[in-house]
Structure formats: structure tokens, C-alpha cells
Amino acid sequence: MTLLLCRYLNSSVAMSFNINLVDRPNKKDNLLILATTNHLNPVFPYLNENERAYLEQAATSDIQYVFFPKKTNSLLVHFIDTSDDAHYQKELVRVAGNVITNAFTHYKIQEISLVNTVKKIEIAEYVEGIVLGGYQFTKYFSDSNGNHKVPHQINIAAQDLSAKELNGLQAVLEATYKARDLVNEPQSYLTATKLGEEIETLGNTYGFSVKVLDKPQIEALNMGGLLAVNRGSFGPPRFCIMEWKPENAKNEKPIVLVGKGVVFDTGGVNLKPTPNSLATMKCDMAGAATVIGAMVAASKANLPIHLIALVPATDNRIGNDAYLPGDVITMYDGTTVEVLNTDAEGRLILADALHYAKQYQPELVLDFATLTGAAVRSLGQHAICYMGTAGATVKEQLEESGQKVFERLVEFPLWREYGKQLKSNIADLKNVGGPMAGMITAGKFLEHFTNYPWLHFDIAGPAYLQAPDAYRSKSGTGVGVRLVFDFLKNY
Ligand code: BES
Ligand code: ZN
Ligand code: ZN
């Protein structure tokens, strides 16, 4: 396997991009100039007369970038689309960054210095598009060299990005790569046990503390939801606890993140209908990947926030001892649940984690889960369904972060009427709420296990893509990592 080790301010990260701050781009560098088609003047000093004429011509067509190959220092001029909407503008810049990633490989450009001539755009978003668009999961190719894009060195002028901003950018990009890797790992590698080990390794690397509970410990706690889902599995469950507690933490009580860690969801005895749904169900730990990514980003960027992350992990399988429709189980908090569909397993393991979170008296709990098909049907891949009991300010801040990083949020109501759909004849609750508004009844189920300000994010739509969407790679997207990081950065 080829691992590209890149340097950044004395740290090493496995990424095929090395981002450096320089005083100013050197004329002898390969230059990548960001421009708009209606304002070419700032580009002209870099060009001779023929090239200027060519560029002017190109600016009237719909060409996205122009490449001027030279012996020593080549030049790329990239026309950036503009928008009056500040959030769309940021996204257009990321999408542009993704376009240029492929040009690097095509023209075999290995090192480039960025020059920004467009006042209303920021280099950070362009680099985000380049790096996220350049993501590849090559681990399982027998000839991984042949499948790697070329490594690149990107130099940014110090006036365009501070060292602190670069540090934050590097942290969140690396964390998004990590989250994508975890989602893209098949269950043949990433069992619940392995997920626990991966979390321990990340804790050692990035400096957050990790405790992984094994099956006897989970049994001793009576985590009935997690244990019921695990019954059809060959391997044991895990309950993973991560903590980042810097001395300068701004919050007195922790923020707790919870992520659904179903490493594969067959649906259990209520087997998922093939062919469309089963093939992608290694993605069912994407919520776990989000919160693990958030821990990586927060610790690498040294955010002054006390954070805890909880990941209940298991697969959901058919097996001799698998739990059955009609079974009544007793959850960690004592609630009895009539299981009417074994495919509604995510809420069972999350409920135990949400109850576990109460001991911290948290300031805020955010849970992330690929929880329902209803969320996919309602918003598709372009938004996250969210709902919960946290206050208006927190919701506004998260929605603003969502717009900024373009992981947009749409709120759904948790009206009590939806809760009535979860009434059971023989137990406190049933685990399905009928065919209507499934993302909300799932949310109502979770709400039962909370007693603190809480928000639930159903990421089933944007977590895993059938085809790339610009810099959002095919398969695991790492959705939520940039959202949580931006929210925490401004908290
Ligand atoms: N993991 C699925 C939800 C899912 C669907 C994730 C599509 C990613 C893409 C979840 O465990 C599930 O099966 N939910 C059921 C619940 C139903 C039985 C109440 C669903 O939404 O169909
Ligand atoms: Zn399921
Ligand atoms: Zn599931």
C-alpha cells in the first residue's frame, strides 16, 4: 500500500495533499490564479500578449480554466463562478476546487502556488474542494499505485490564510478523510470489535481518551437495546466512549456526541429487500464515523471544548439466536420495547447510548445516524433531517453552520401526536411508528431516552452516495464532520 506522508507544520498526515504557507507566491512557481471572467486585469501581469488575447477569448466561452504550459513555471487560470448568495458562493468555490484536482493529475502538476484575484472568495474553501475532491479509497486495489492520483503540494500566501486557519482546515479535512475511510471499510474488516480498536488507535494518535466496553461490561450495565440487536451476530458488541477535555474548555458541562455504529445492517429477520438496499449497508455506521471524525478534528485543532462521544457498535444480522419480531426487550433505562421490526435497530442501540449520556448532565447532546429510509425519501442526498429539544439559539447556530459548510439542515417537528404512533399493546413502546413520517417517529422514539437539550440528525440521505457529487466522493461522504467542527469552532 502506498501511504503518502505529507508534512505540515512538523506534523505528519496520511493525505495526498501537502498544504504550505509561503510569504508570497514566487514567480518561478507553477501558479494557479483564481479569477472571474469579468475581471481579468489582475491576471494580465502574469501573461504575455498572446496569452492575454487567448485568455480574453476563453473568458467569453464557458471554459472553466486555461492551462498555459511553460518550461519552468506553468500557469493555470481558473475562472470562478460568482453568486450574490454568500453560502452558494462558498459552495461554488469548493466545487471549483474539485474541478482543478483532476487537472493536476491530467497535466501532471505536482506543486502549485495559489494566487487569488477574486475579492469575494476565500482560499480555504477552494483548498477544501481540492482536497476533498482528491479523496480516494485505494486500500483494496491489488495495484494501489496505479490507482492513486498524483500527490500535490499546494502553497498558499500567508496573507490569504492564517496559520491558525490552516491548522483548522487541515484538521477538518483529515477528519473527513478518516470518516470516509471508516464508512468505506467493508464489514469483512470493520467489525464492531475492529471499530473499537480503530477508535483506540485514533485516540492515541490525536490525544483524546478512549474507553471501549466489551460484551461482559455491556451485559453488566443491562444495555438491552444493544444486546438485543447483537444477538444474531457472530461477534460481540462494543460500547465506545471518547473524551476530549482540554484545560481551557469553555463549557462547564460537556457536549456529548452520539453516533449509530451498525457496522452492517441486514435488517435482521426482517431482511432488507435486495438488490438496492443491502449492498450499501456497510454505511450504517456513518453516524459513528461522523462523531469519530468530529473528535479527530476537535483534538487536532485543539478546540477549547469539553467533548464526549459515544458509539454503540454491532452488526444487525440473521442468526440462530437473533431477536425476533414480537420480542419484548428491556432497555438500559428500564423501558420495555416491543420489537415489531428488527430492521428498526438503530433506535434501539442509540436509545441505550442516549440514556448513558445522562450521567454527564450534558449541556447539549447531538446524535448522528443513518436512521430511516423516510429521511432519504423526504430530502434525498442534499440535506440532513434534524429535530430535537435543544433551544432556538443552538438550532440557529447549527443551521448557519450547515449553510456555511453546505451540509444543510431541515428541521422536522416532534409534535406529541407522532409519539402516539409508538404506543404498544403489551409494552411501554414499540420500535416502529407505521408507514408515515418514519424519520419523525424514529426521532420520537429517541426523545423518550433523553432528559437534556438534544438534537437528532438523520443522515441516511447524504451519508453514502451512488455517484460522486463534486467533492463529495462516491460511497462514504464523511457528512457531518465539517458541520460539527464549524459549530464547535464558533461555540
Ligand atoms: N439503516 C436503515 C436506514 C437506512 C436506509 C440507512 C437507507 C441508509 C439508507 C435503518 O436501520 C432501517 O432499516 N430503518 C427502517 C425502519 C423501519 C423498519 C421502521 C426504514 O427506514 O425502512
Ligand atoms: Zn435497519
Ligand atoms: Zn440501520
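Read the numbers this way: they start at 1 and go in the same order the structure lists the ligands and their atoms. Residue numbers run from 1 in the order of the sequence given.
- Considering only non-hydrogen atoms, atom 6 (C) of ligand 1 lies nearest to T370 out of D343, T370, D458.
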> Given M285 and K260, is the side-chain contact (heavy atoms from CB on, under 4.5 Å) satisfied, shown in steps?
Replying inline: CA-CA 6 Å; M285 37 57 69; K260 172 177 172 182; over 6 Å; no
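- Within the 6.0 Å centre-distance limit, the rings of F406 and Y88 are counted as a close aromatic pair.
- Test L257, L202, V311, V296 against M242 for side-chain contact (heavy atoms from CB on, under 4.5 Å) and you get one pass: V311.
- In the displayed structure, Q359 atom CD is contacted under 6.0 Å by more than 12 heavy atoms of other residues, nucleotides or ligands.
- In the vicinity of K260, heavy-atom distances shorter than 4.0 Å reach the ligand 1 atoms 1 (N), 10 (C), 11 (O).
- Every atom of ligand 1 with a heavy atom of E345 under 4.0 Å away is listed here by number and element: 11 (O).
- Relative to atom 10 (C) of ligand 1, the option among V229, L340, L371 with the closest non-hydrogen atom is L371.
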> Stepwise, does the salt bridge (charged side-chain N to carboxylate O under 4.0 Å, His left out) test hold for K139 with E185?
Replying inline: CA-CA 9 Å; K139 179 177 166 188; E185 278 291 359; 2.6 Å; yes
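- Residue contact annotation: D265 places an N/O/S atom under 2.8 Å from the Zn ion (ligand 3).
- When R317, K282, K272 are each tested for a salt bridge (Lys or Arg N to Asp or Glu O under 4.0 Å) with D265, only one passes: K272.
- At a threshold of 4.0 Å, the pair R408-E400 does not count as salt-bridged, since none of the basic side-chain nitrogens sits closer than that to a carboxylate oxygen.
- A donor and an acceptor atom, one from each side chain of Y418 and E447, are nowhere located under 3.5 Å apart.
- Nearest to atom 20 (C) of ligand 1 among the protein's heavy atoms is G373 N, 3.7 Å.
- The closest approach of E345 to the Zn ion (ligand 3), by N/O/S atoms, is made by OE2.
- Scanning the protein for heavy atoms near atom 16 (C) of ligand 1, the closest one is R347 NH2, 3.8 Å.
- For the pair M439 and ligand 1, no heavy-atom separation below 4.0 Å is found.
- For atom 8 (C) of ligand 1, the closest heavy atom belonging to the protein is M281 CE, 3.6 Å.
- The D265 neighbourhood of ligand 1 comprises atoms 1 (N), 2 (C), 10 (C), 11 (O), 13 (O), with distances under 4.0 Å to a heavy atom of that residue.
- A ring-centre distance under 6.0 Å is not found for Y332 and F449.
- Among the backbone and side-chain atoms of V262, none of the N, O or S atoms lies under 2.8 Å from the Zn ion (ligand 3).
- Contacts with ligand 1 closer than 4.0 Å are made by side-chain heavy atoms of V432 only, the backbone lying farther away.
- The nearest heavy-atom contact from the protein to atom 18 (C) of ligand 1 is N341 ND2, 3.4 Å.
- Ring orientation note: the planes of F239 and Y356 are tilted relative to one another, at an angle of 30° to 60°.
- The closest approach of D284 to the Zn ion (ligand 3), by N/O/S atoms, is made by OD2.
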